[in-house]
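Both counts, for ligands and for their atoms, begin at 1 and track the order of listing. Predicted model, so just to flag it, every value in this text is computed and none were measured. All values below were derived from every heavy atom in this structure, side-chain atoms included, with hydrogens, water molecules and symmetry-related copies excluded.
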Amino acid sequence: MSIITGKTGLVGLLGEPVNHSLSPVIQNAAIQEMALDWCYLAMPCMPKDLSKVIPALRELNCHGLNITIPHKQEAIYSCKTISPLAKKLGAVNTLVPDSNGNWMGMNTDMEGFLAPLKNESWKGKKAVVLGCGGSAKSVIAGLEALGFIQITIVGRNIHSLNSFLQDMKSSNPDLSKKELLLKGIMHNEPKLIDEIESSHLIVNATPVGMHSNFENKFDSSKIPLGESIWKNLNSETILYDLIYTPRPTAWLNFGKAQGCRQIDGLEMLIQQGAASLRLWSGEKEVPIEVMRKAAENHLRH
Ligand code: NAP
């Protein structure tokens, strides 16, 4: 999109808030490179308006939508069809127009999460996931697909932890099979130290460590579970933080000092966006490198 004309089509993001989203930067860079006459906009939408806004955007011939917090679950009800993965996760992050004037609901978060991990062998390995919210569901489905044999979810609230485990197992019977042990543990249980020491991959799926306008300096409350539990981290363990601002997070910095390999959330963001763009455009190849450069440039300034 070099210039918006009367023919320019709309694609965009629905969520609340959306004003800090990197998706417009990433998607518009790719749209321009692909010479699509589209413009990607971040559109704030309150929960009470969602069920009116999604069908209205379809009426306006919107070419595709991303859905973010807090609408990923609720947006399912505005879709005529849902992909098997979105159904399993109970959440959509991508809506694609069908030929009958409806939306198809899909989920590309798992594909994004897997991108930095998929060239390694994870069969038989153990993972710890911090947090049991929306993104933890895509993370667990991804870890299951990679062949992990034990996944331990760390929660801070016993009720949300238990209901998360119940939801996961009822929507995905494979998680109850005996080759994979999916279990929950509270953040303050002493045996969490053993889980952390023996795991091959630890994923932070909490917002702890995310940059906000008020906090720039190092602050130990920015490290999930606090600083002390990470002092005996095994240097073979890989740390994967879903957060991408700041880069690196305090937790990844801490892990680096212990000799651990670190992965941040930027590649996940780019790859889930690239997967959405493939679905909207019908193109197999999208310019990932252009998307990555646009995101990195934007974050540097
Ligand atoms: P969410 O649904 O709100 O879940 C957050 C989870 O973290 C919940 O289990 C919550 O526990 C826990 N939590 C929140 N504050 C905590 C704290 N101070 N200490 C310990 N646990 C805490 O959020 P989400 O959608 O899963 O997102 C989580 C993070 O992943 C966010 O930072 C988000 O930006 C990032 N993310 C990145 C990407 C990407 O593409 N890179 C994609 C999705 C998400 P309670 O249930 O007790 O509140």
Ser276 to Thr108 - nearest heavy-atom pair and separation: OG-OG1, 3.4 Å
Met268 N/O to ligand 1 N/O under 3.5 Å: no
Any non-hydrogen protein atom less than 4.0 Å away from atom 46 (O) of ligand 1: yes
Glu74 bridged to Lys48 by N-O distance under 4.0 Å: no
Contact partition for Ser160 relative to ligand 1, non-hydrogen atoms under 4.0 Å: side chain
Shortest protein contact, atom 29 (C) of ligand 1 (heavy atom only): Thr206 O, 3.7 Å
Closest to atom 11 (O) of ligand 1 among His20, Lys137, Arg156, Glu267 (heavy-atom distance): Arg156
Nearest atoms (heavy-atom pairs only) where Ile229 meets Leu225: CG2-CB, 3.9 Å
Ala205 touching ligand 1 at heavy-atom level, < 4.0 angstrom: yes
Options Leu242, Thr68, Asp109, Ile158, ranked by nearest heavy atom to atom 37 (C) of ligand 1, top entry: Leu242
Closest approach of any protein heavy atom to atom 4 (O) of ligand 1, naming residue and atom: Gly133 CA, 3.3 Å
Of Trp103, Tyr40, Trp38, Trp280, the residue whose pairing with His63 passes ring-ring contact (aromatic ring centres under 6.0 Å, His included): Trp38
Closest approach of any protein heavy atom to atom 25 (O) of ligand 1, naming residue and atom: Ile69 CD1, 3.4 Å
Nearest candidate to atom 14 (C) of ligand 1, where distance is taken over non-hydrogen atoms, out of Pro207, Ser163, Pro70, Gly134: Pro207
Option passing side-chain contact (heavy atoms from CB on, under 4.5 Å) with Gln262 (candidates Ile238, Leu252, Thr249): Leu252
Sub-4.0 Å atoms of ligand 1 with respect to non-hydrogen atoms of Gly131: 9 (O)
Any side-chain donor near an acceptor of the partner, Thr152 and Glu195, under 3.5 Å: yes
Element-labelled atoms of ligand 1 that are located less than 4.0 Å from some non-hydrogen atom of Asn157: 47 (O)
No-hydrogen, no-angle side-chain donor-acceptor test under 3.5 Å, Ser23 and Asn66: no
Min heavy-atom dist Ile243 to ligand 1 below 4.0 Å: yes
CA sep, side-chain torsions, deciding dist, call: Asp37, Lys7, salt bridge (Lys or Arg N to Asp or Glu O under 4.0 Å): CA-CA 7 Å; Asp37 189 8; Lys7 293 188 214 142; over 6 Å; no
Heavy atom of protein inside 4.0 Å of atom 22 (C) of ligand 1, strictly below: yes
Identity and distance of the protein heavy atom lying nearest atom 9 (O) of ligand 1: Cys132 N, 2.8 Å
Contact summary for Leu130 and Trp251, nearest pair of heavy atoms: CD1-CZ2, 4.4 Å
Check: Leu95 and Met104 side chains under 4.5 Å, non-hydrogen atoms: no
Ligand 1 atoms in contact with Met210 (distance to a heavy atom under 4.0 Å): 32 (O), 34 (O)
Non-hydrogen atoms of Leu22 and Ala295 that approach each other most closely: CD1-CB, 4.3 Å
side-chain contact (heavy atoms from CB on, under 4.5 Å) assessment of Lys183 paired with Ile153: CA-CA 6 Å; Lys183 59 180 182 171; Ile153 324 294; over 6 Å; no
Numbered atoms of ligand 1 (with element) below 4.0 Å of Gly265, judged on heavy atoms: 39 (C), 41 (N)
Region of Val208 that comes within reach of ligand 1 [heavy atoms, distance under 4.0 Å]: side chain
Which segment of Tyr244 sits under 4.0 Å of ligand 1 when only heavy atoms are counted: side chain
Shortest protein heavy-atom distance from atom 26 (O) of ligand 1, along with the residue and atom involved: Ser135 OG, 2.5 Å
